**Q** 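Before I ask anything, here is the structure I am working with.
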Amino acid sequence: MDHVYEVLTLLSVLAYWIIIAAITARIVIRRRSIGVSFAWMMVIYVIPVVGIIAYLLFGEQNIGRTRAVRAQNMYRPYAEWFSHLFDIRQYQPGTLSHHAQSIGLLCENRLGIPPLADNDLQLLSSPQQILNSIIKDIDNAKHAIHMEFYIWHPGGMADSVAQALVQAAQRGITVRLLLDAAGSHQFFRSEWPAKMQSAGITLARALKVSPLRVLFRRMDLRMHRKIVIIDNSIGYTGSMNLVDPRCFKANSGVGEWIDVMIRITGTCVPLLDVIQSWDWEVETDQRFLPEKPICKPHHSPEQLDTVQVIPSGPGMPEEIIHEVLLQSLYQAKHKIVITTPYFVPSENLQVALIAAAHRGVCVNIIIPNKNDSIMVEWASRSFFSELLQAGVNIHRFKGGLLHTKSVVIDETFSLIGTVNLDMRSLWLNFELTLAVDDLSFTQELTQLQQQYMDNSSLVDYSLWQQRPVHKRATEQFFYLFSPLL
C-alpha cells in the first residue's frame with residue numbers, strides 16, 4: 001500500500017511540473033513583454049498551485065468563445081462601414097498636422113479607421129456641467145439614445161440622468177443602455193433597472209460575472225468605455241463614469257473624483273455610435289449599425305477640427321493604443337503633459353518618457369496625491385526615481401482623485417479618453433481614445449492641465465531619495481507585480 005502511495009505522489013509531482021512546464025512554454029510562445037512574462041513566471045513558481053490557477057483565470061486575453069465567434073462574424077459588415085469613411089470629403093489626410101499624420105496612418109493601417117474633419121469639440125470639466133449637459137441633450141432627443149459606461153453609481157445627479165432617460169423612453173425615444181456588470185454592480189442592485197425596463201429602456205450587462213464563467217473567459221476583462229450618443233448627432237466620451245462625485249466613494253479618503261468629458265458634434269459621432277453598436281452586438285447578438293456620416297460644409301476653411309477615433313481592447317488589433325502613445329511621445333519636440341490616475345507604465349513607455357526628457361523635452365506627469373488602489377499607488381512610486389533622475393517632472397495633485405486621462409504633445413496635439421497609463425488599460429480593457437488635431441481644443445486642454453499642476457506638489461528628487469528603507473522595499477515588492485496590475 002505504501003508503494004501505491006509513493007507512486008501516486010510521484011505521479012502527482014510529475015503532473016504538477018508538466019503543467020508548470022506547459023504554462024511556461026505558453027508564456028514564452030505568447031511573446032509578451034519581458035516584464036509581463038517574468039511577472040507571471042514568478043507568480044507560477046513562487047506560489048504553488050494558486051499561481052497556476054491565477055494564470056488560467058487571468059493570464060490571457062480570453063473573451064469567451066461566444067463573444068470571439070460573434071466578433072469574427074461581425075468583422076466584415078463593420079469593416080465595410082469603416083471603409084466608407086475613406087470616400088467622404090471629411091477624410092483629408094493632407095491637412096493633418098505633423099503629429100496627427102503618423103497617428104492617422106497607424107490607425108488607418110491597423111484599425112481601418114481614418115481621421116475625420118468637421119467636428120466641434122467642447123471640453124467639459126466639472127461634474128455638474130457634464131451631467132447637466134447630458135440631461136439637456138437627453139431631454140431634447142428626437143429618436144434614439146445609446147449609452148455605455150463602466151460604472152453607473154446611483155445617487156445625486158446620476159439619478160437625475162436616470163430619470164431623464166425614463167422620461168425619454170416614455171415619450172417614445174429608443175433608449176439602449178450597456179453597463180459593465182462588475183463596475184455597475186451597485187446600479188444593478190438598485191431600483192433603477194426595474195424602473196428603466198418598465199419604461200421601455202433596453203438594458204444590457206457587459207461581461208457578466210459568475211463562478212461558472214471562469215471556465216469560459218478571463219474574469220477581469222472590463223468594459224471601460226464611456227459613450228453617450230444622442231440621435232447619432234451628439235456624442236460624449238471621456239474619463240467620467242455616470243456618477244455624482246459627491247455620492248461616489250465618499251469614504252475612500254481620496255477626495256472627489258476629478259474628470260472631463262468631451263461633447264462632440266460632427267462627422268465622428270456616427271463613428272462613436274458604431275463602436276457602441278459593436279459592443280452592444282458582441283454582448284447581445286443584436287445589430288444596430290447607424291447611418292453613415294453626412295457631408296456638410298466646413299465650419300471654416302482654416303479650422304478642420306480633425307479627430308481620430310481609436311477603440312482598443314479585445315477584438316481590436318493588439319497594442320494599438322500602446323503604439324499610438326509611443327509614437328506620440330517619440331514625436332514630441334518641446335513639451336509633454338500627461339494626466340492619469342493610475343501610472344504603471346510599460347517598459348517601453350518608461351523608456352520613451354526618459355528618452356524625451358534626455359533630448360530636452362519638458363515632460364510633466366500629473367497623478368493623484370492619494371490613490372484608491374494601494375497596490376497601484378506603491379507600484380507607481382517604484383518608477384519615480386528613474387524618471388526624476390532623467391528630469392521628468394512628477395506632480396501630485398492635491399484636489400481629489402485626478403481621474404482625467406489626457407496626453408498633450410507640444411501644446412498642439414492631444415490624446416484624451418478612457419485609457420489609463422497602466423497595463424490593464426493598455427492590454428486588457430475595452431477602451432476608447434480620441435486623437436485630436438485641433439489647436440483651440442488642445443490649448444483649452446493645456447490650460448486645464450496647467451490648473452491641475454497649479455494645484456499639485458512637485459516631487460523633489462533629492463527629498464525622494466531620502467525616503468525610508470521600508471518604503472523602498474514596499475515599492476520594489478509591488479514593482480514585481482506591476483506588469484499584471
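The analysis underlying the following values was restricted to heavy atoms, covering all of them including side chains, and did not include hydrogens, waters or symmetry mates. A quick note: this is a predicted structure, and the numbers were derived from the prediction, not measured.
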**Q** When you check the side-chain N and O atoms of Thr267 and Asp118, is any donor under 3.5 Å from an acceptor?
**A**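 Side chains of Thr267 and Asp118: no pair found under 3.5 Å.
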**Q** Using distance alone, with no hydrogens and no angle criterion, decide if Asp438 and Ser440 have a side-chain donor and acceptor under 3.5 Å apart.
**A**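 Ser440 and Asp438 do have a side-chain donor-acceptor pair below 3.5 Å.
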**Q** Would you say that His99 contacts Thr412 through its side chain, given a criterion of any heavy-atom pair below 4.5 Å between the two side chains?
**A**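 A side-chain contact under 4.5 Å exists here.
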**Q** Are side-chain N/O atoms of Asp259 and His403 paired as donor and acceptor at under 3.5 Å?
**A**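 A donor-acceptor contact under 3.5 Å links the two side chains.
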**Q** How about Trp81 and Leu271: do any of their side-chain heavy atoms sit closer than 4.5 Å?
**A**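 Yes; the side chains approach each other to less than 4.5 Å.
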**Q** Is it the case that the side chain of Arg246 and the backbone of Glu256 share a donor-acceptor pair, with hydrogens and angles ignored and the cut-off at 3.5 Å?
**A**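 Side chain of Arg246 to backbone of Glu256, a donor-acceptor pair under 3.5 Å: no, none is there.
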**Q** Give the C-alpha distance, both sets of side-chain angles, the deciding distance and a yes or no for side chain to side chain contact (heavy atoms under 4.5 Å, CB included) between Asp273 and His146.
**A** CA-CA 8 Å; Asp273 205 359; His146 306 151; 2.9 Å; yes
**Q** Would a distance-only check, ignoring hydrogens and angles, find a side-chain to backbone donor-acceptor pair under 3.5 Å from Arg205 to Ala182?
**A**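 Side chain of Arg205 to backbone of Ala182: no pair is present.
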**Q** Is a side-chain donor-acceptor pair under 3.5 Å present for Gln331 with Ser102?
**A**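 Gln331 and Ser102 do have a side-chain donor-acceptor pair below 3.5 Å.
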**Q** Examine the side chains of Ser133 and Tyr236 and answer whether a donor and an acceptor come within less than 3.5 Å of each other.
**A**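 Yes, because at least one side-chain N or O of Ser133 sits under 3.5 Å from a partner of the opposite role on Tyr236.
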**Q** Would you say Ile394 and Leu458 make side-chain contact, with heavy atoms under 4.5 Å?
**A**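 No, their side chains stay 4.5 Å or more apart.
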**Q** Do the ring planes of Trp152 and Phe187 sit parallel (below 30°), tilted (30 to 60°) or perpendicular (above 60°)?
**A**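 Tilted, since the angle between the ring planes falls between 30° and 60°.
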**Q** So, do Arg176 and Met147 sit near enough that their side-chain heavy atoms are less than 4.5 Å apart?
**A**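 They are not in contact (no side-chain heavy atoms under 4.5 Å apart), so the answer is no.
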**Q** For the residue pair Ile229 and Gly235, what are the closest heavy atoms and their distance?
**A**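 Heavy atoms of Ile229 and Gly235 come nearest at CD1-CA, 4.0 Å.
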**Q** Hey, what do you get for CG (Leu421) to OG1 (Thr340), rounding to the nearest 0.5 Å?
**A**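 It is 5.0 Å, given to the nearest 0.5 Å.
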**Q** Checking ring pair (Phe, Tyr, Trp, His ring centres under 6.0 Å) against His153, which of Trp257, Phe248, Phe188 comes through?
**A**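 Considering Trp257, Phe248, Phe188, a ring pair (Phe, Tyr, Trp, His ring centres under 6.0 Å) with His153 is found only for Phe248.
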**Q** Using every non-hydrogen atom in the two residues, find where Ser346 and Trp427 come nearest and quote the distance to one decimal.
**A**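 Closest approach of Ser346 to Trp427, heavy atoms only: CB-CH2, 3.7 Å.
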**Q** Judged by modelled atom types alone, do Thr404 and Tyr452 share a side-chain donor-acceptor pair under 3.5 Å?
**A**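 Distance-only check passes for Thr404 and Tyr452.
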**Q** Assess whether a salt bridge exists between Asp120 and Arg263, defined as any Lys/Arg side-chain N lying under 4.0 Å from an Asp/Glu carboxylate O.
**A**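 Salt bridge flag = no for Arg263 with Asp120.
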**Q** Once rounded to the nearest 0.5 Å, what's the spacing between atom OG1 of Thr237 and atom CD1 of Ile227?
**A**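 Reported to 0.5 Å precision, the distance equals 5.5 Å.
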**Q** Under a 3.5 Å distance rule, please check whether Thr306 uses its side chain to pair with a backbone N or O of Asp437 as donor and acceptor.
**A**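 A pair under 3.5 Å: no.
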**Q** Is the shortest heavy-atom distance from the side chain of Ile138 to the side chain of Leu165 under 4.5 Å?
**A**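 SC-SC contact between Ile138 and Leu165 confirmed.
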**Q** Out of curiosity, Leu123 CG to Thr442 OG1, how far, rounded to the nearest 0.5 Å?
**A**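 That separation rounds to 10.0 Å.
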**Q** Kindly assign one of parallel, tilted or perpendicular to the pair Phe384 and Trp464, based on the angle between their ring planes and the thresholds 30° and 60°.
**A**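 Correct class here is tilted.
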**Q** Can you confirm whether Ser414 sits close enough to Ile409 that some side-chain heavy atom of one is under 4.5 Å from a side-chain heavy atom of the other?
**A**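 Ser414 vs Ile409: side chains apart.
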**Q** Within the structure provided, determine whether Pro341 and Ile367 are in side-chain contact (heavy-atom separation under 4.5 Å).
**A**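 No, side chains not in contact.
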**Q** Minimum heavy-atom separation for Val436 to Phe413, with atom names?
**A**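 Taking every non-hydrogen atom into account, O-CD1, 3.5 Å.
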**Q** Run the side chain to side chain contact (heavy atoms under 4.5 Å, CB included) test on Asp372 and Tyr342 for me, step by step, so that the C-alpha distance in whole Å, both residues' side-chain angles and the decisive distance to 0.1 Å come before the verdict.
**A** CA-CA 9 Å; Asp372 64 327; Tyr342 310 114; 2.9 Å; yes
**Q** Decide if atom CD of Glu386 counts as having more than 12 heavy atoms of other residues, nucleotides or ligands within a radius under 6.0 Å.
**A**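 Not more than 12 within 6.0 Å, no.
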**Q** So, Gln449 versus Ser406: side-chain donor-acceptor pair below 3.5 Å or not?
**A**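 Judged by distance alone, the side chains do pair up.
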**Q** Which pair of heavy atoms, one from Phe149 and one from Met240, lies closest together, and at what distance?
**A**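 Looking at all heavy atoms of both residues, the shortest contact is CE2-O, 3.5 Å.
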**Q** Run Glu108 and Tyr91 through side-chain hydrogen bond (donor to acceptor under 3.5 Å, both in side chains) and show every step you take.
**A** CA-CA 11 Å; Glu108 288 176 24; Tyr91 173 55; 3.1 Å; yes
**Q** Parallel under 30°, tilted from 30 to 60°, perpendicular over 60°: which one fits the rings of Tyr78 and Trp278?
**A**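 Plane angle over 60°, so perpendicular.
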**Q** Please check if any side-chain donor atom of His322 sits under 3.5 Å from a side-chain acceptor atom of Asn348, or the reverse.
**A**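 No, no side-chain donor-acceptor pair sits under 3.5 Å.
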**Q** Any salt bridge linking Lys333 with Asp410? Criterion: basic side-chain nitrogen under 4.0 Å from a carboxylate oxygen.
**A**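 So Lys333 does not pair with Asp410 through a salt bridge.
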**Q** Just by modelled atom types, is the Ser312 backbone N or O under 3.5 Å from a matching donor or acceptor in the Arg225 side chain?
**A**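 Such a contact is found between Arg225 side chain and Ser312 backbone.
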**Q** Quick one: CG on Asn393 to CG on Asn364, what's the gap to the nearest 0.5 Å?
**A**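 So the CG of Asn393 and the CG of Asn364 are separated by 4.5 Å.
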**Q** Quick check against the 3.5 Å criterion: does Asp285 have a side-chain atom that pairs as donor or acceptor with the backbone of Glu281?
**A**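 Checked: no pair found.
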**Q** Using the side chain to side chain contact (heavy atoms under 4.5 Å, CB included) rule, take Ile151 and Leu242 through it: C-alpha gap first, then chi angles, then the decisive distance, then the call.
**A** CA-CA 6 Å; Ile151 298 173; Leu242 210 297; over 6 Å; no
**Q** Do the side chains of Lys226 and Glu148 get close enough for a salt bridge, i.e. N-O under 4.0 angstrom?
**A**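 No.
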**Q** Please answer whether the main-chain N or O of Val309 pairs with a side-chain N or O of Thr433 as donor and acceptor at a distance below 3.5 Å.
**A**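 Checking the backbone N and O of Val309 against the side chain of Thr433, no donor-acceptor pair under 3.5 Å is found.
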**Q** About how many Å separate CG of Leu121 and CG of Asn119, when rounded to the nearest 0.5 Å?
**A**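 The CG atom of Asn119 sits 6.0 Å away from the CG atom of Leu121.
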**Q** Sub-3.5 Å donor-acceptor pair from the side chain of Asp244 to the main-chain atoms of Met157, do we have one?
**A**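 Yes, the answer is positive, given that a donor and an acceptor are paired below the 3.5 Å cut-off.
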**Q** If every non-hydrogen atom of Leu388 is compared with every non-hydrogen atom of Tyr461, which pair is closest and at what distance?
**A**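 So the two residues come closest at CB-CD1, 3.5 Å.
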**Q** Going by atom types alone, do Thr418 and Glu431 pair a side-chain donor with an acceptor below 3.5 Å?
**A**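 Indeed, the side chains of Thr418 and Glu431 share at least one donor-acceptor pair under 3.5 Å.
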**Q** When the aromatic ring centroids of His224 and Phe430 are compared, is their separation below 6.0 Å?
**A**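 They do not qualify: ring centres at least 6.0 Å apart.
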**Q** Taking all non-hydrogen atoms of both residues into account, name the closest pair between Ala357 and Val392 and its distance.
**A**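 Scanning both residues, the minimum pair turns out to be CB-CG2, 3.9 Å.
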**Q** Could you tell me whether a side-chain N or O of Asn232 sits under 3.5 Å from a main-chain N or O of Glu291, the two making a donor and an acceptor?
**A**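 Side chain of Asn232 to backbone of Glu291, a donor-acceptor pair under 3.5 Å: yes, one is there.
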**Q** Between Asp159 and Trp192, does any side-chain donor sit less than 3.5 Å from a side-chain acceptor?
**A**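 Distance-only check passes for Asp159 and Trp192.
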**Q** Between Lys405 and Asn420, is any side-chain donor less than 3.5 angstrom from a side-chain acceptor?
**A**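 A pair is found: one side chain offers a donor N or O, the other an acceptor, under 3.5 Å apart.
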**Q** Quick check against the 3.5 Å criterion: does Ser425 have a side-chain atom that pairs as donor or acceptor with the backbone of Asp422?
**A**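 No; judged by distance alone, with no hydrogens or angles, the pair does not exist.
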**Q** Mind checking the CG-NE2 spacing from Asp454 to His395? Nearest 0.5 Å is all I need.
**A**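 It comes to 9.5 Å.
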**Q** Has Asn371 got a side-chain atom pairing as donor or acceptor with Pro368's backbone, closer than 3.5 angstrom?
**A**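 It does not hold such a pair.
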**Q** Hey, are the side chains of Leu106 and Glu323 touching, using non-hydrogen atoms and a 4.5 Å cut-off?
**A**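 In short, these two side chains touch, coming nearer than 4.5 Å.
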**Q** Would you please say whether a donor-acceptor pair under 3.5 Å links the side chains of Asn455 and Gln451?
**A**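 No pair is found: no donor N or O on one side chain lies under 3.5 Å from an acceptor on the other.
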**Q** Is there a side chain to side chain contact (heavy atoms under 4.5 Å, CB included) between Ile416 and Ile262 once you walk through the steps?
**A** CA-CA 9 Å; Ile416 190 164; Ile262 305 96; 3.7 Å; yes
